[in-house]
Structure formats: structure tokens, C-alpha cells
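Worksheet: the structure to be examined is printed underneath.
The model shown is predicted, which means the values in this text are computed figures rather than measured ones.
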Amino acid sequence: MARKLFGGLRMTWPRLILFAVISGIVTALIALLVPQGNSIKQIAVTFEAWIVLAIIIVVNCETPLEAACKTFIYFLISQPLVYLIQVPFSSMGWKLFGYYTYWFYWTLATFPGAFIAWYIKRDDWIAAVIHSVALVALIWIGTGYLKQLIGNFPQYLLATLFCFGIVPVLIFSVHHNKAARVTASVIAAAAFALFVILAFAGSNPNAYSANIGLDENQFPVTEGWTAELEDPENGTVDLETGGEYICPSVRVEFKDYTKNTNVILRDPDGNAWLFPIRITKDGNTLSISY
């Protein structure tokens with residue numbers, strides 16, 4: 001089956017459209033039904049599964065232009081569908097589509113990306129180098145999950161296993177030439193070693209970061225508002241004021257989540273609005289409330 005998916009199943013237009021629709025529906029259902037922090041839910045917000053799906057499309061096309069067109073159309077159908085299905089069930093309503101802007105930019109990037117990626121079918125060391133862009137991205141994402149897994153086991157266990165486990169599957173399913181397999185494997189191993197060193201060298205077990213949406217009724221944030229930590233030595237906070245389709249949010253990074261975590265919002269008149277954040281630990285699992 002792996003051999004057939006990775007380079008043996010002709011990606012016709014009907015198959016592509018069906019593939020895109022199924023991907024969008026399944027992803028939307030995952031986003032709606034799977035609890036936050038669960039590995040499976042990550043397909044709705046991060047790249048790892050979509051990288052693999054794009055490779056399946058690319059290697060099952062006959063020309064670079066076909067790969068570029070079909071990958072672009074795949075994302076142009078599947079990604080908006082993910083948000084469209086969620087709209088009736090979301091308190092944000094149509095504002096939810098504000099998050100699609102980010103994916104639309106990546107959708108545009110799939111056209112040149114897939115055109116170049118098609119050349120992994122050459123099955124030589126150059127193909128392996130091209131393929132390694134995707135492999136390194138998967139390892140980078142997986143290293144981030146690994147770091148969270150170690151601090152909050154078993155959170156993100158499946159996501160970590162997927163990111164690292166799919167790399168050898170891609171190498172040995174796409175490439176059959178020894179030089180290509182060796183080249184891709186060496187690059188992947190080197191990337192894994194480098195990313196693990198960067199991720200864990202001097203790491204702080206009490207560090208914590210999160211993006212937190214703000215209730216617009218409670219905090220009427222507009223341009224001119226600012227944010228600061230009550231204890232500025234414990235980390236940083238950035239305020240995103242949002243827009244027509246995106247709710248305002250804060251990005252917090254704490255050096256030590258066990259210390260004071262209050263955020264102070266200030267309106268243009270200088271008035272302070274307290275936004276308390278509480279992080280608790282139950283066993284190895286961190287949960288955030290506000």
C-alpha cells in the first residue's frame with residue numbers, strides 16, 4: 001500500500017477532488033470533536049500531516065506542472081472547507097475564516113513548492129536533497145512535540161511518533177536508489193541531532209508559552225492597546241489586536257509558570273485591565289485557565 005500511495009497511484013482530477021473534500025471534512029470533524037492538546041487534533045492547526053498528503057499528490061503526478069496545479073487545487077479546496085464546516089458550530093461565526101488567511105498564503109506557496117518537489121521522483125542524490133526539505137520540516141515539528149512530551153507525558157505522544165516515524169517511511173517508499181536513501185537518511189539524522197541539541201540545551205522545565213484569545217466583550221481591545229506582564233522578569237507578552245475576522249489575543253512566554261502570571265492590558269487612555277492567567281499541573285499535564 002505504501003508503495004502504491006508513494007508513487008504508483010495515478011492522481012486523476014476526480015481522485016484529487018475527492019481526496020481534497022474528504023481531507024477537509026475529516027480535518028473539520030477532528031477540529032470540532034477532538035479535545036485541545038490531543039495529538040490527533042494537530043492536523044487541524046499544524047503542517048505535519050499536510051506535508052505527507054502533499055507528497056502523496058506530488059509523486060502520483062506525471063509532470064512538475066501537473067504536480068504544482070493539483071497540489072495547489074487540493075489545498076484550495078480542502079483548507080477553506082475545514083473552516084466552512086466549523087462556522088455553524090463556532091462562537092466566532094464567520095470570523096473563524098480569519099485564520100484561513102495564514103493557510104491561504106501557504107496554499108499559494110504550494111504551487112512552486114510542488115513543482116520543485118516533483119523532482120524527488122528522479123530517485124538520485126539530488127532528489128534526496130529536495131525531499132529532505134520536507135523531511136527536515138517534519139523532524140523540526142517532531143522535536144517541538146518531543147519537548148512538550150517530555151515535560152507533559154503522554155501529551156503529544158502520537159504526534160511525536162508520527163513526525164519521527166513517517167520520515168523513514170517516506171525515505172524508503174519514495175526512494176529506491178541506494179544513493180538517494182543514504183543521502184536522505186544522513187540529512188534526516190543530522191537534522192534530528194541538531195534540533196534535539198538546540199531544543200534541550202539549557203532548557204527550562206518550568207518554561208511555558210501559549211496563545212490565548214481574548215473575550216472581546218470583556219476586553220474591547222483595539223489599536224493603541226498594549227500588554228505587559230505584572231512580573232516582567234518572568235517572561236514576555238505580545239498583544240495581537242486582531243481584525244475584522246480575527247479576535248484579539250495575547251502570546252505569553254513564561255520563564256517559570258509557577259510564579260505570578262498576570263497580564264496587564266492598557267487601553268489608549270492608560271487604564272489598566274487585569275487579565276489573570278493560572279497554570280496548574282496535574283501529574284505531568286499542564287492546564288491553563290483565565
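From Ile85, atom CD1 reaches atom CG of Leu29 across 6.5 Å, with rounding to the nearest 0.5 Å. In this structure, CD on Glu48 lies 9.5 Å from OG1 on Thr160, to the nearest 0.5 angstrom. From Glu62, atom CD reaches atom CH2 of Trp118 across 9.0 Å, with rounding to the nearest 0.5 Å. From Leu149, atom CG reaches atom OG of Ser39 across 8.0 Å, with rounding to the nearest 0.5 Å. One finds the SG atom of Cys69 at 12.0 Å from the CG atom of Leu76 (value rounded to the nearest 0.5 Å). Taking OG from Ser173 and CD1 from Ile56, the interatomic distance works out to 10.0 Å, rounded to the nearest 0.5 Å.
In plain terms, the two heavy atoms of Leu81 and Gly24 that are nearest each other are CD2-CA, 4.1 Å. The minimum heavy-atom distance linking Val167 with Ala188 is given by the pair CG1-CB, 4.0 Å. Minimum interatomic distance between Ala31 and Ala44 (heavy atoms only, all atoms of both residues): CB-CB, 3.7 Å. A pairwise comparison of heavy atoms in Ala114 and Ala67 identifies CB-O, 3.6 Å as the closest pair. Here the closest heavy-atom approach between residue Ile141 and residue Cys163 is recorded as CG2-SG, 4.0 Å. Summarising the geometry of Ala127 relative to Arg122, their closest heavy-atom pair is CB-CB, 4.0 Å, with the distance given to 0.1 Å.
A heavy-atom distance below 4.5 Å is not found between the side chains of Leu239 and Thr226. For the pair Leu135 and Ile187, the minimum side-chain heavy-atom distance is 4.5 Å or more. Residues Leu198 and Thr143 fail the side-chain proximity criterion, which asks for heavy atoms closer than 4.5 Å. Within the 4.5 Å cutoff, the side chain of Trp273 has heavy atoms near those of the Trp225 side chain. Using a 4.5 Å heavy-atom threshold, the side chains of Asn262 and Leu229 count as separate. Residues Leu138 and Leu170 are in side-chain contact: their nearest non-hydrogen atoms beyond the backbone lie under 4.5 Å apart. Tyr145 is not listed as a side-chain neighbour of Gln155, based on a closest heavy-atom distance of 4.5 Å or more. Two residues are said to be in side-chain contact when any heavy atoms from C-beta on lie closer than 4.5 Å; Val129 and Ile126 fail this criterion.
Residues Val45 and Tyr156 do not share a hydrophobic cluster, defined by chaining ILVMFWY side chains whose heavy atoms lie under 4.5 Å apart. Transitive grouping of hydrophobic side chains (ILVMFWY, heavy atoms separated by less than 4.5 Å) brings Ile57 and Leu65 into a common cluster. A chain of hydrophobic side-chain contacts below 4.5 Å, direct or via other Ile, Leu, Val, Met, Phe, Trp or Tyr residues, connects Phe111 to Trp13. Cluster membership check: Val133 does not share its hydrophobic cluster with Trp125, using side-chain heavy-atom separations under 4.5 Å among Ile, Leu, Val, Met, Phe, Trp and Tyr. Cluster membership check: Tyr102 shares its hydrophobic cluster with Leu53, using side-chain heavy-atom separations under 4.5 Å among Ile, Leu, Val, Met, Phe, Trp and Tyr.
The aromatic rings of Trp140 and Phe195 lie perpendicular to each other, with more than 60° between the two planes, well past the 30° mark. Between Phe47 and Trp106, the two ring planes are perpendicular [angle over 60°; tilted spans 30° to 60°]. Using a 30° and 60° split on the angle between ring planes, Tyr100 and Phe97 fall in the perpendicular class, above 60°. Using cut-offs of 30° and 60° for the angle between ring planes, the Phe192 and Phe164 rings count as perpendicular.
The backbone N or O of His176 lies less than 3.5 Å from a partner atom in the side chain of Asp123, making a donor-acceptor pair. Not one N or O on the side chain of Asn271 forms a donor-acceptor pair closer than 3.5 Å with the backbone of Asp267. Although no hydrogens or angles enter the test, the distance criterion places a donor-acceptor pair under 3.5 Å between the side chain of Arg181 and the main chain of His175. Side chain of Ser90 to main chain of Gln86: no donor-acceptor pair is present (N/O by atom type, distance under 3.5 Å, no hydrogens or angles). No side-chain donor-acceptor contact under 3.5 Å links Lys70 to the backbone of Asn60. Looking only at distances, a side-chain donor or acceptor of Thr110 sits under 3.5 Å from a matching main-chain atom of Thr107.
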Using the side chain to side chain contact (heavy atoms under 4.5 Å, CB included) rule, take His131 and Ile55 through it: C-alpha gap first, then chi angles, then the decisive distance, then the call.
CA-CA 9 Å; His131 193 191; Ile55 291 174; 4.0 Å; yes
Could you walk me through whether Leu274 and Ile264 satisfy the side chain to side chain contact (heavy atoms under 4.5 Å, CB included) test, starting with their C-alpha distance in whole Å, then the side-chain angles of each, then the deciding distance to 0.1 Å, before giving a yes or no?
CA-CA 5 Å; Leu274 185 65; Ile264 299 175; 4.3 Å; yes
Decide side chain to side chain contact (heavy atoms under 4.5 Å, CB included) for Val263 and Ile212; before the verdict, give the C-alpha distance in whole Å, the side-chain angles of both, and the deciding distance to 0.1 Å.
CA-CA 11 Å; Val263 172; Ile212 307 169; over 6 Å; no
What verdict does the side chain to side chain contact (heavy atoms under 4.5 Å, CB included) test give for Ile166 and Val169, after you've listed the backbone C-alpha separation in whole Å, the side-chain angles of each residue and the deciding distance to 0.1 Å?
CA-CA 5 Å; Ile166 198 66; Val169 172; 4.2 Å; yes
Apply salt bridge (charged side-chain N to carboxylate O under 4.0 Å, His left out) to residues Glu240 and Arg251 and explain how you reach the verdict.
CA-CA 8 Å; Glu240 294 290 339; Arg251 168 71 182 178; over 6 Å; no
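Taking the side-chain contact (heavy atoms from CB on, under 4.5 Å) definition, one finds that Ala20 meets it with Tyr74, Ile77, Ser78, sequence neighbours left out.
Checked for salt-bridge contact, Glu233 and Lys255 miss the test: no charged N lies under 4.0 Å from a carboxylate O.
For the ring pair (Phe, Tyr, Trp, His ring centres under 6.0 Å) criterion with Phe75, the lone passing option out of Trp50, Trp103, Phe104 is Trp50.
Other residues, nucleotides and ligands contribute at most 12 non-hydrogen atoms within 6.0 Å of the CD1 atom of Ile40.
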